[in-house]
Amino acid sequence: MRGGHFELPPLRPELQAAHDEMDATGQFFAFAVCPTWDAKGWEVNTKQGNIYCALDGTFATKDEAHAAGAAWLEKQRPRP
């Protein structure tokens with residue numbers, strides 16, 4: 001602890017790559033797929049402005065995770 005603040009540990013490399021990928025889009029809403037920490041599945045990370053989260057659950061395949069991310073992104077689009 002320094003100056004009354006806790007320092008966060010660095011993100012694992014694959015999660016940092018997902019965050020970098022989302023930032024590179026320049027979009028307010030974005031998602032990226034990356035392997036879980038144990039490499040036994042896939043997770044979907046989301047970006048809303050400067051807030052990063054992961055969708056609940058993990059997915060067996062990268063394609064399933066990508067489909068879930070695309071569905072999440074579609075829900076974020078404004079309706080006319």
Side-chain angles (χ1 to χ4, degrees):
M1 188 162 100
R2 270 192 332 201
H5 295 93
F6 289 98
E7 288 188 40
L8 294 174
L11 294 176
R12 63 184 206 270
E14 59 275 15
L15 188 54
Q16 183 64 57
H19 283 213
D20 293 346
E21 179 183 327
M22 289 185 285
D23 286 343
T25 68
Q27 301 296 314
F28 188 82
F29 294 107
F31 77 92
V33 172
C34 74
T36 57
W37 64 271
D38 60 3
K40 293 183 178 181
W42 296 88
E43 63 187 18
V44 178
N45 295 280
T46 62
K47 172 184 176 267
Q48 297 179 53
N50 291 325
I51 299 172
Y52 299 87
C53 303
L55 296 183
D56 287 338
T58 59
F59 302 90
T61 68
K62 190 174 185 179
D63 288 341
E64 288 176 359
H66 189 76
W72 172 86
L73 187 59
E74 184 63 30
K75 288 180 184 176
Q76 308 314 309
R77 295 177 197 248
R79 302 288 176 226

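Values in this document were obtained by computation on a predicted structure and should not be read as measured data. Side chains included, hydrogens not; waters and symmetry mates left out as well; all remaining heavy atoms used.
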Rounded to the nearest 0.5 Å, what separation is found between the [atom1] atom of [X] and the [atom2] atom of [Y]?
X	Y	atom1	atom2	value
H19	Y52	NE2	OH	7.0 Å
R77	F29	CZ	CZ	10.5 Å
Q16	C34	CD	SG	11.0 Å
E21	N45	CD	CG	10.0 Å

Practice problem: Identify the heavy atoms of L55 and A68 that sit nearest to each other, and give their distance. | Solution: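 That would be CD1-O, 4.0 Å.
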Exercise. Of all the heavy-atom pairs spanning D23 and K47, show the shortest one and how long it is.
Key: OD1-CE, 3.4 Å
Quiz item: Are F59 and F31 connected in a single hydrophobic cluster, I mean Ile/Leu/Val/Met/Phe/Trp/Tyr linked by side-chain heavy atoms less than 4.5 Å apart?
Solution: yes
Quiz item: Are L73 and M22 co-members of a hydrophobic cluster defined by side-chain heavy atoms under 4.5 Å apart?
Solution: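 No: no chain of side-chain contacts under 4.5 Å links M22 to L73.
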Exercise. Check the surroundings of atom CH2 in W72: do more than 12 heavy atoms from other residues, nucleotides or ligands lie under 6.0 Å from it?
Key: yes
Self-check item: More than 12 heavy atoms from other groups under 6.0 Å of NE2 on H66
Solution: no
Practice problem: Would you indicate whether the side-chain heavy atoms of K40 and T58 approach each other to under 4.5 Å? | Solution: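 No, their side chains stay 4.5 Å or more apart.
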Self-check item: Stepwise side chain to side chain donor-acceptor pair (under 3.5 Å) test for D38 and T36
Solution: CA-CA 5 Å; D38 60 3; T36 57; 2.6 Å; yes
